[in-house]
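For reference, the structure discussed in these notes is given below.
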Amino acid sequence: MSFSLCSSSSELKYHCVEGLRHSNVNPPVSKPSVRVGNSTRRDNIQMSDRDPRKIAVSNHVMPGQLEGPYLLKKPLERPSEKLEYVRTLLIDNYDSYTYNIYQELSIVNGFLKMLLQLRRGNHRAIEVPPVVVQNDEWTWKDVCHYLYEENAFDNIVISPGPGSPTCSADVGICLRLLLECRDIPILGVCLGHQALGYVHGAQVVHASEPVHGRLSEIQHNGCQLFHDIPSGRTSGFKVVRYHSLVIDPESLPEELIPIAWTSSSDALSFLETRKSNTISDDCESQIGCSRSAKSFLECENGSRRPFVLSDKSKRVIMGIMHSSRPHYGLQFHPESVATHYGRQIFSNFRKITEDYWLRLRPYTARMQVPCASQLFREVPRSRHIVNNAGDQLYRKASQISQLTHNAYKKSYSGVSNMVNISHPSTDVRFLRLEWRKFDHLASQVGGAQSIFCELFGHHKAENTFWLDSSSIEKKRARFSFMGGKGGSLWKQLTYRLSDQSDMTFKGGGYLLIEDAHGSTKSKCLEEGFLDFLNKELLSFRYEEKDYEGLPFDFHGGYIGYLGYNLKAECGVVSNRHKSRSPDACFFFADNLLVVDHYNDDVYILCLREECTAMTSWLDSTEEKLFSLKLSAIRLEEQNFQVANFSPFEAGFRAEKSREQYMEDVEKSLRYIKDGESYELCLTTQIRKSIGEIDSLGLYLHLRQKNPAPYAAWLNFSKENLCVCCSSPERFLRLDRNGTLEAKPIKGTVARGETVEDDEQRKLQLQYSEKDQAENLMIVDLLRNDLGRVCEPGSVHVPHLMDVESYATVHTMVSTIRGKKKSEVSVVDCVRAAFPGGSMTGAPKLRSMELLDCLESSSRGIYSGSIGFFSYNQTFDLNIVIRTVVVHEGEASIGAGGAIVALSNPEAEYEEMILKTRAPAKAVMEFL
């Protein structure tokens with residue numbers, strides 16, 4: 001098959017010129033002619049675009065939807081004008097990278113605000129975020145309304161996503177957009193790219209190998225989408241790939257032109273692309289691939305699955321364009337943090353959009369839909385045009401209709417946007433803070449452990465907490481927070497999700513509240529725990545001057561854990577397994593003690609309502625501190641070698657055998673091969689009956705043997721529940737300056753027995769292609785999650801794939817930061833990212849659904865988060881790993897690992913066992 005290439009998109013002859021929309025034309029009604037909607041068969045799709053003078057777009061119409069065709073005329077010639085900014089409709093295919101695209105487009109689509117700033121010489125850049133709509137949120141009638149009546153969008157971007165375009169449930173309305181919106185610029189990414197090929201007759205097939213989190217150098221044909229981007233081997237144009245399926249090049253119809261392809265048959269790791277700009281394979285411009293006689297295999301349920309390309313040496317198509325429509329597709333991910341020239345590609349697509357509208361319709365009637373941050377407000381927006389001759393034309397568009405408002409409100413109430421902008425009214429409580437500082441006191445009284453045991457360790461340390469920075473090397477953590485049952489504001493929250501079989505109460509769960517006097521009350525939370533917590537935190541009022549001078553961000557508030565099953569309040573439809581332990585437990589801490597490990601200082605804080613008198617807690621605690629003896633508690637330092645230890649030697653029983661776990665890895669690899677996931681974080685649990693033990697003693701032993709920067713002790717005595725956590729991983733933090741930070745870990749290897757062996761293992765981890773792929777995928781996922789709640793352009797990665805060393809393991813850690821939007825609450829931030837992506841995989845929603853089927857029980861507290869929510873709107877949460885949960889006489893330890901296309905089942909099992917060794921050996925030694 002021969003391909004006709006072009007050097008610039010301006011060379012394209014758009015045969016649909018006379019089919020362009022006019023803002024004052026309502027589509028006439030005709031009888032339906034063909035169904036696209038839910039059909040997955042290519043022979044159901046028909047088009048009529050051969051006549052350059054007239055275009056008829058036929059569509060099937062369901063009840064209540066608009067009907068076609070749209071027969072429109074060519075616009076009059078007008079002087080060239082420039083769009084002030086571009087409005088994008090971003091279709092989310094339930095992917096975990098959509099909001100990385102959102103962030104890029106928010107920056108790229110903005111232009112210079114003209115008005116008075118232009119005359120004053122004050123050119124202020126504005127940001128225009130896209131409107132994100134999930135692929136099943138809008139009916140076709142909705143789409144036609146916003147595109148053809150409201151004229152609300154200038155272009156469309158179709159996101160990546162799990163699955164295949166051959167399955168209508170995976171792509172929703174995307175196929176119909178690509179088929180019928182021929183007069184709107186569209187860019188499809190990954191799944192969107194495959195959908196563009198599929199809707200025009202190309203075959204989507206299994207790649208010779210899945211490629212996820214790895215890079216390729218790209219050769220392109222120089223069209224406008226790749227303007228100012230180098231091409232070919234050693235050019236520096238390297239892109240990140242996340243896909244198991246590809247478009248078969250030999251099946252491309254004449255109207256689809258290949259514009260980019262891999263310049264080598266081999267994918268590279270991130271660090272390989274940094275070490276060298278060379279690839280050994282010769283550069284080839286010809287694309288070819290052999291095909292099977294049968295393009296799709298029939299499954300038992302009648303759906304079609306793609307066949308596998310047989311020739312592994314051939315290049316892979318990385319980009320296509322339509323010959324007569326402004327439609328483009330990219331197989332790679334331009335939004336990835338490791339893709340070169342990604343923003344340039346989005347800028348070029350904006351330029352394509354501008355050129356398209358200014359050439360074919362030299363005026364626009366687009367109205368500006370409210371920004372994402374204003375979707376719940378009825379705010380009229382204006383659209384401005386700047387004439388090239390120098391005259392400024394300002395035309396105010398009509399106010400957006402109530403239908404648009406309602407549709408956007410619906411689309412942002414689901415997982416596509418977790419932000420709760422319309423905060424509910426709550427009872428206001430005015431809080432005051434009193435605190436005292438004691439310079440260089442910590443070491444004088446035996447350190448943090450001595451302080452905790454002497455002040456809070458009596459009576460089995462009932463109802464106590466300790467966020468314990470027991471590993472402070474290299475400034476990984478600085479402060480430890482501890483306390484127990486406190487003053488009049490103290491209370492305990494215990495929350496359990498409703499049982500799926502309980503038909504009397506749908507959704508939400510049950511909350512038990514115990515106050516400082518021991519009184520309890522229960523309530524049903526139909527909207528769930530996170531909604532309740534949000535209202536609680538928003539009810540607090542405070543004086544910032546009360547905590548001026550404090551170097552830390554927790555000044556009192558809620559401290560406890562969020563269990564993994566709270567994913568049901570973060571977009572997952574339901575939980576397959578019910579947790580044995582409560583799904584969330586928190587203390588409201590009004591009295592606490594803080595240790596500054598850097599400066600050796602101790603702080604004591606007391607929180608009270610404004611109308612109440614100060615308690616004596618500060619005085620009594622100060623007195624206790626100065627009465628402590630240096631010898632109160634001292635534990636000798638010991639070497640902790642766990643390399644050859646098996647948890648089963650300690651009497652732990654596995655939830656799954658070695659063979660069963662490896663079989664689950666194989667199933668995960670099949671899901672990845674079929675495009676259902678890029679990465680699946682498979683886990684399991686080991687358990688041991690331990691009866692009544694000194695749980696605090698167990699934790700003290702664990703913290704000595706396996707110190708960690710985000711360690712924690714929690715004792716909810718009435719639940720017979722203690723959490724002994726030695727986590728090295730931060731989930732998410734929000735500081736007082738509004739900076740969000742995530743530090744995901746992906747990639748773990750055991751420490752060596754000698755210095756030389758240890759250094760070799762560290763380097764092995766650093767340059768492991770598999771571990772780099774795992775880490776990169778989760779970094780992009782966390783960028784996406786932060787991108788939902790952060791200011792456009794603020795999300796960045798200051799540290800990518802650093803290796804950190806702990807007592808028993810080396811780990812690969814990255815850091816992602818962003819600036820929180822002012823209208824977003826702290827709970828909004830958590831809801832947007834929970835559970836941590838390092839414990840789920842990507843795309844997150846589909847991956848969690850698959851994991852629920854693979855895993856045989858609830859993860860419970862494991863994989864959730866421990867930390868605090870301060871009354872002054874900050875928080876810091878860890879990822880619950882390397883943890884012993886002691887509940888009702890049983891100790892449980894969760895562990896697992898990320899399954900990617902490069903995974904080996906036996907190696908994955910060994911990695912899972914490695915992660916259990918430190919906590920399991922601590923239990924064995926303590927008992």
ask   = Hey, are E217 and R233 close enough for a salt bridge, meaning a charged N less than 4.0 Å from a carboxylate O?
value = no
query = Looking at D355 and K351, does any basic side-chain N land under 4.0 Å from a carboxylate oxygen?
reply = yes
message = Distance alone, cut at 3.5 Å: any donor-acceptor contact between the side chains of N155 and Y356?
response = no
message = Test side chain to side chain contact (heavy atoms under 4.5 Å, CB included) on H206 and D674; report intermediate values, then the result.
response = CA-CA 7 Å; H206 277 120; D674 287 340; 2.8 Å; yes
inquiry  = Can you confirm whether the side chains of N348 and Q344 place a donor and an acceptor under 3.5 Å from each other?
reply    = yes
Sidechain-backbone polar pair: R214 side chain, E769 backbone, donor-acceptor under 3.5 Å = no
key: Y328 side chain reached by I352 side chain, heavy atoms, under 4.5 Å   = yes
message = Is a donor from one side chain sitting under 3.5 angstrom from an acceptor on the other, for D92 and Y102?
response = no
request  = Considering non-hydrogen atoms only, spot the tightest contact between I816 and V795 and give its length.
outcome  = CG2-CG1, 4.0 Å
inquiry  = If we count only N and O atoms by modelled type, under 3.5 Å, do the side chains of T840 and S847 hold a donor and an acceptor together?
reply    = no
Backbone of G319 reached by a side-chain donor or acceptor of Q331 within 3.5 Å = no
request  = Might you point out which heavy atoms bring I778 and G837 nearest each other, and give the distance in Å?
outcome  = CD1-O, 3.3 Å
query = Checking N784 side chain against T98 main chain: does a donor-acceptor pair fall under 3.5 Å?
reply = yes
task = Using modelled atom types only, decide if a donor and an acceptor are shared between the side chain of R783 and the backbone of V797 within a distance under 3.5 Å.
result = no
ask   = Is W357 close to P185 at the side-chain level, that is, under 4.5 Å between some pair of heavy atoms?
value = yes
task = Determine whether the side chains of S336 and D780 contain a donor N or O and an acceptor N or O closer than 3.5 Å.
result = yes
inquiry  = Please evaluate residues Y146 and L89 with respect to the criterion side chain to side chain contact (heavy atoms under 4.5 Å, CB included), reporting the C-alpha separation (whole Å), side-chain torsions for both, the decisive distance (0.1 Å), and the verdict.
reply    = CA-CA 10 Å; Y146 302 133; L89 173 62; over 6 Å; no
key: Donor-acceptor contact below 3.5 Å, side chain R87 vs main chain N151   = no
ask   = Can you tell me how far CD1 of I317 sits from CG of L330, rounded to the nearest 0.5 angstrom?
value = 12.5 Å
request  = Taking all non-hydrogen atoms of both residues into account, name the closest pair between H333 and T339 and its distance.
outcome  = O-OG1, 2.8 Å
message = If we ignore hydrogens and angles and just use 3.5 Å, is the side chain of H340 paired with the main-chain N or O of G236 as donor and acceptor?
response = yes
I218 side, atom CD1; S263 side, atom OG - distance, nearest 0.5 Å = 6.5 Å
request  = With rounding to the nearest 0.5 Å, note down the distance linking OH in Y94 to CG in L191.
outcome  = 13.5 Å
inquiry  = Keeping N93 on the side-chain end and I158 on the backbone end, is there a donor-acceptor pair under 3.5 Å?
reply    = no
inquiry  = Between Y99 and D785, does the side chain to side chain contact (heavy atoms under 4.5 Å, CB included) criterion hold? Intermediate values first, please.
reply    = CA-CA 7 Å; Y99 276 83; D785 291 348; over 6 Å; no
message = Could you check whether any side-chain N or O of W138 sits under 3.5 Å from a backbone N or O of V133, counting only pairs where one atom can act as donor and the other as acceptor?
response = no
ask   = Between H212 (side chain) and L902 (backbone), is there a donor-acceptor pair under 3.5 Å?
value = no
ask   = Taking S677 for the side chain and A842 for the main chain, is one N or O donor matched with an acceptor at less than 3.5 Å?
value = yes
query = Y678 vs Y97 aromatic rings, parallel, tilted or perpendicular, using cut-offs 30° and 60°?
reply = parallel
ask   = Minimum heavy-atom separation for I345 to F237, with atom names?
value = CD1-CZ, 4.1 Å
message = If you define the side chain from C-beta out and look only at heavy atoms, does anything of M848 sit under 4.5 Å from L845?
response = yes
ask   = When rounded to the nearest 0.5 angstrom, what is the spacing between CE in M318 and SG in C190?
value = 8.5 Å
query = Should C181 and Y148 be marked as a side chain to side chain contact (heavy atoms under 4.5 Å, CB included) after you check the CA-CA gap, both sets of side-chain angles, and the distance that decides it?
reply = CA-CA 10 Å; C181 295; Y148 292 94; 4.0 Å; yes
task = Report yes or no: do T88 and N109 form a side-chain donor-acceptor pair below 3.5 Å?
result = yes
